Participant: 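Got a structure here, written out as C-alpha cells. Questions coming.
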Protein chains: 2
Amino acid sequence: MRHLADQIEVMKNKGFKVTHQRLVVLDYLQHSKKHPSAEMIYNDLKEKYPTMSLATIYNTLEMLMKINLVVDIGAPEERRRFDGILVEHSHFFCTKCGKIEDLTVPGIEQLFEKAKAAHPGTINHCRLDFFGFCEECQAQEEQAVE
Amino acid sequence: MRHLADQIEVMKNKGFKVTHQRLVVLDYLQHSKKHPSAEMIYNDLKEKYPTMSLATIYNTLEMLMKINLVVDIGAPEERRRFDGILVEHSHFFCTKCGKIEDLTVPGIEQLFEKAKAAHPGTINHCRLDFFGFCEECQAQEEQAVE
DNA sequence: TAAATATTGACATTTATTCTTCTTTAGTCT
DNA sequence: AGACTAAAGAAGAATAAATGTCAATATTTA
Ligand SMILES: [Mn+2]
Ligand SMILES: [Mn+2]
Ligand SMILES: [Zn+2]
Ligand SMILES: [Zn+2]
C-alpha cells in the first residue's frame with residue numbers, strides 16, 4: 001500500500017478509472033504536510049493544472065476516502081481537512097492560528113487494544129488529537145504579556 | 001466544580017446572569033448520556049419548557065462552553081454534539097447508526113504527558129476517540145451475513 | 001472504437017447557526 | 001419592597017458557504 005502501482009491497482013480493483021486528476025490529487029496529499037481542505041488542494045493544484053475543477057477535487061476526495069487512501073482527520077473546523085499519509089500518527093491543532101501538525105506518540109496501540117477489549121461492539125479505528133498553541137503562537141502570547 | 005452551587009458561582013464570577021434557562025440546559029447536559037446536538041436539547045426541553053427558544057439553546061451552549069462547563073466533543077457529524085459530563089473520558093462513535101457512547105480507557109494521562117514533552121508549543125487538552133459498530137449494529141451486520 | 005465512467009464549470013442547495021427586534025428578567029440600589 | 005438597567009430570552013427571518021448537482025464534453029479501458 002506504499003507505492004503508486006499498488007494504489008493504481010486498488011482503484012482498478014474497486015472499479016474506478018485511473019485518471020490523471022485522481023493521481024495528481026493523491027500524489028499531492030501523499031506529499032503534503034498541510035492537511036489541506038478541498039479548496040486548499042484546489043488552489044495549490046490549479047497553478048499547475050489550471051483546468052482542474054473544484055468539483056473534481058470533491059469527487060476525488062470522496063472516492064479516495066472510499067478506497068481508504070485518504071482520511072478526513074476530523075479537524076475542529078468548518079471545512080473538512082484531509083490526510084493522505086496513513087502511517088499511524090496523531091494530530092495537534094493550534095487553537096489560535098488553526099495550524100495542524102503531525103505528532104507521533106508511542107503507546108496508542110495498547111490503549112486501542114484495551115478499548116477493543118472493553119467495548120461490546122467492534123472498534124475499527126481510533127484517533128488521538130491534541131489541542132493547544134503551536135510554537136509560534138505560544139511565543140506571541142508570551143511577548144504580549146511582557 | 002461538581003455542584004450546582006459552584007456552577008452558579010462560576011457564572012456569576014464571569015459576569016453572566018444566572019437564568020432559569022441556563023440552569024435547565026446545564027442540568028440537562030449533566031444528566032444526559034446522549035451527547036445531544038443543540039436541536040436535540042431543544043426538542044427534549046420544549047416539552048417541559050414550551051417557550052424556550054432554539055436561539056437560547058445556542059446562546060446558552062456558547063456561554064457554557066466559554067466558562068468550561070460544557071464541551072463540544074468534535075463528533076464526525078454535520079451538527080455539533082455537546083457533553084456536560086467533564087470527567088475525563090473517551091467517546092465511541094458508531095459509524096453505522098451515529099450513536100455516541102462514553103468509554104473510559106486508562107492510560108491516556110501518560111500519553112498526554114509524553115505529547116506535552118514532545119511538542120514545542122503548549123498542549124492544553126487531548127481527546128481519544130474510537131470508531132466502529134456499536135453492539136446493536138454489529139449484531140445486525142452478523143445477521144445480515146447469515 | 002465504443003461503452004462506461006469521469007471531468008468541467010456554472011449553478012443549486014441546504015440547513016445549522018446567527019441575527020434582529022421586541023419583550024422579559026436578574027441583579028442592584030434606595 | 002419597588003424601581004432601574006443591562007443582559008438575556010422569544011420568535012422568526014436571514015445567512016452563508018461548504019458541498020452537491022447537472023448537462024455537455026472528455027477520457028479511460030477493454
Ligand atoms: Mn497527519
Ligand atoms: Mn461523554
Ligand atoms: Zn498557532
Ligand atoms: Zn450503531
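Letters A, B, ... are given to chains in the order of the sequence lines, protein chains preceding strands, and every chain is numbered from 1. Small disclaimer: the values here were computed from a predicted structure and weren't measured.
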Participant: Specify the separation, in whole Å, of atom NZ of B:Lys46 and atom P of D:dG12.
Facilitator: 12 Å
Participant: With a 4.0 Å cut-off on N to O distance, would you call A:Lys96 and A:Glu136 a salt bridge?
Facilitator: no
Participant: Contact class for A:Thr51 (heavy atom, under 4.0 Å): base, sugar-phosphate, or nothing?
Facilitator: sugar-phosphate
Participant: Take the protein atom NE2 of B:His20 and the nucleotide atom C1' of C:dG27, then report the distance between them rounded to whole Å.
Facilitator: 17 Å
Participant: If you check the A:Lys17 side chain, which of D:dT29, D:dA11, D:dA8 turns out closest?
Facilitator: D:dT29
Participant: How close or far is atom P of C:dG9 from atom OH of A:Tyr49, stated in whole angstroms?
Facilitator: 16 Å
Participant: Is the ring centre of A:Phe130 less than 6.0 Å from the ring centre of B:His125?
Facilitator: no
Participant: With heavy atoms under 4.0 Å as the rule, sort A:Thr56 into base, sugar-phosphate or nothing.
Facilitator: base
Participant: C:dG9, OP1 or OP2 - any side-chain N/O from A:Ser53 closer than 4.0 Å?
Facilitator: no
Participant: Hydrophobic clustering (ILVMFWY, side-chain heavy atoms < 4.5 Å, transitive) - are A:Met40 and A:Tyr49 grouped together?
Facilitator: no
Participant: In whole Å, I'd like the distance from the CD1 atom of A:Ile41 to the P atom of D:dA18.
Facilitator: 14 Å
Participant: Starting at CE of B:Met52 and ending at P of C:dT24, how long is that distance when rounded to a whole Å?
Facilitator: 18 Å
Participant: How many Å lie between CE on A:Met63 and P on D:dT19, as a whole number?
Facilitator: 19 Å
Participant: Any side-chain N or O of A:Thr19 under 4.0 Å from OP1/OP2 of C:dT5?
Facilitator: no
Participant: How about A:Gln21 and A:Thr56: does a side-chain donor come under 3.5 Å of a side-chain acceptor?
Facilitator: no
Participant: Using the ring-ring contact (aromatic ring centres under 6.0 Å, His included) definition, which of the options A:Phe93, A:Phe133, A:Phe92, A:Phe131 pairs with B:His119?
Facilitator: A:Phe92
Participant: Could you work out which one of D:dG12, C:dG9, C:dT7 sits closest to the side chain of A:Arg22?
Facilitator: C:dT7
Participant: How long is the line joining CG of A:Leu23 and C1' of C:dT7, in whole Å?
Facilitator: 14 Å
Participant: Hey, is the side chain of B:Arg79 poking within less than 4.0 Å of OP1 or OP2 on C:dT15, counting only N and O atoms?
Facilitator: no
Participant: Looking at CZ of B:Arg81 and CD1 of B:Ile73, how far apart are the two atoms once the value is rounded to the nearest 0.5 Å?
Facilitator: 6.5 Å
Participant: Let me know, please, whether A:Leu54 or B:Glu39 comes out on the 5' side of the other along DNA chain C by nearest nucleotide.
Facilitator: A:Leu54
Participant: Heavy atoms from C-beta onward define the side chain here; which of C:dC19, D:dA8, C:dT18 lies closest to that of B:Glu62?
Facilitator: C:dT18
Participant: State whether B:Arg80 places a side-chain N or O below 4.0 Å from either non-bridging phosphate oxygen (OP1 or OP2) of C:dA16.
Facilitator: no
Participant: Which sits closer to the 5' end of DNA chain C, B:Ala38 or B:Phe16, going by the nucleotide each is nearest to?
Facilitator: B:Ala38
Participant: Tell me whether the OP1 or OP2 atom of C:dT17 has a side-chain N or O from B:Tyr58 closer than 4.0 Å.
Facilitator: yes
Participant: Measure from the side chain of B:Thr60, starting at C-beta and using heavy atoms only, and say which of D:dG9, C:dG27, D:dT29 lies closest.
Facilitator: D:dG9
Participant: Can you tell me if the side-chain N/O atoms of A:Gln21 get under 4.0 Å from OP1 or OP2 in C:dT8?
Facilitator: yes
Participant: Take the protein atom CD1 of A:Ile67 and the nucleotide atom P of C:dT5, then report the distance between them rounded to whole Å.
Facilitator: 16 Å
